[in-house]
Amino acid sequence: KNQRSQDYKEMSTAYRPSHADATYDFKYGIRAVAGGGRSSAREAIGRCAAGAIAKKLLKTVAGTEILAYVSSVRDVQSNVDLASFTLEDVESNIVRCPDQ
């Protein structure tokens, strides 16, 4: 509703660093340069907040810890010991790959 497409005109020639628009374009073939698409922070924040709440509830109520990490970047594959890696291992690496 409050999206102003003209504010995004220069984004049609280059992907924004650290944004999901390049990934979304490569994966789905859709380039939403006007903002407000599925990769928009305004749209994604609800899913992120719900996931954070669910993660805390699962740990508190059921003792379940949810861990995620980057398993590959292009042709580079990780070699992670699934039985022993920790959140600290993941967070200690800028790429979030606990074996590097």
Side-chain angles (χ1 to χ4, degrees):
K1 183 177 178 181
N2 63 351
Q3 157 183 333
R4 297 185 317 234
S5 298
Q6 69 275 12
D7 291 349
Y8 296 88
K9 187 176 285 186
E10 65 188 54
M11 295 299 135
S12 65
T13 59
Y15 294 112
R16 297 171 291 176
S18 301
H19 284 74
D21 51 351
T23 305
Y24 194 75
D25 185 14
F26 299 150
K27 186 171 184 177
Y28 300 108
I30 299 170
R31 184 80 194 274
V33 295
R38 189 163 191 266
S39 63
S40 165
R42 292 175 296 240
E43 197 278 331
I45 193 162
R47 289 192 306 274
C48 292
I53 292 167
K55 184 176 176 180
K56 285 186 182 268
L57 276 172
L58 283 168
K59 188 167 188 175
T60 302
V61 174
T64 301
E65 185 176 27
I66 307 294
L67 296 174
Y69 64 92
V70 174
S71 62
S72 68
V73 176
R74 193 160 181 130
D75 297 330
V76 179
Q77 301 291 321
S78 65
N79 185 20
V80 176
D81 181 359
L82 298 179
S84 66
F85 84 96
T86 66
L87 179 60
E88 291 75 28
D89 295 332
V90 175
E91 294 294 336
S92 70
N93 183 282
I94 193 169
V95 185
R96 298 184 50 83
C97 184
D99 76 335
Q100 300 296 316

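Reckoned from all heavy atoms, side chains included, excluding hydrogens, waters and symmetry mates.
With rounding to the nearest 0.5 angstrom, the OG atom of Ser71 is 11.5 Å from the CG atom of Asn79. Here the straight-line distance linking atom CD1 of Ile53 with atom SG of Cys48 works out to 11.5 Å at 0.5 Å rounding. Note that NZ of Lys59 and CD1 of Ile66 are 10.5 Å apart. Values are rounded to the nearest 0.5 Å. Taken from CG in Asp25 to OG1 in Thr23, the straight-line distance is 9.5 Å, to the nearest 0.5 Å. Interatomic distance, Asp99 CG to Gln77 CD, rounded to the nearest 0.5 Å: 10.5 Å.
Applying the ring-ring contact (aromatic ring centres under 6.0 Å, His included) definition to pairs two or more places apart or across chains, those involving residues 48-89 are Tyr69-Phe85.
Minimum heavy-atom separation, Val70 to Cys97: O-SG, 3.5 Å.
Contact annotation: the side chain of Val95 approaches that of Val73 to within less than 4.5 Å [non-hydrogen atoms, C-beta and beyond].
The same ILVMFWY cluster, assembled from side-chain heavy atoms under 4.5 Å apart, contains both Leu82 and Leu67.
Scored by the side chain to side chain donor-acceptor pair (under 3.5 Å) test, Thr86 finds Glu88, Asp89 as partners (sequence neighbours excluded).
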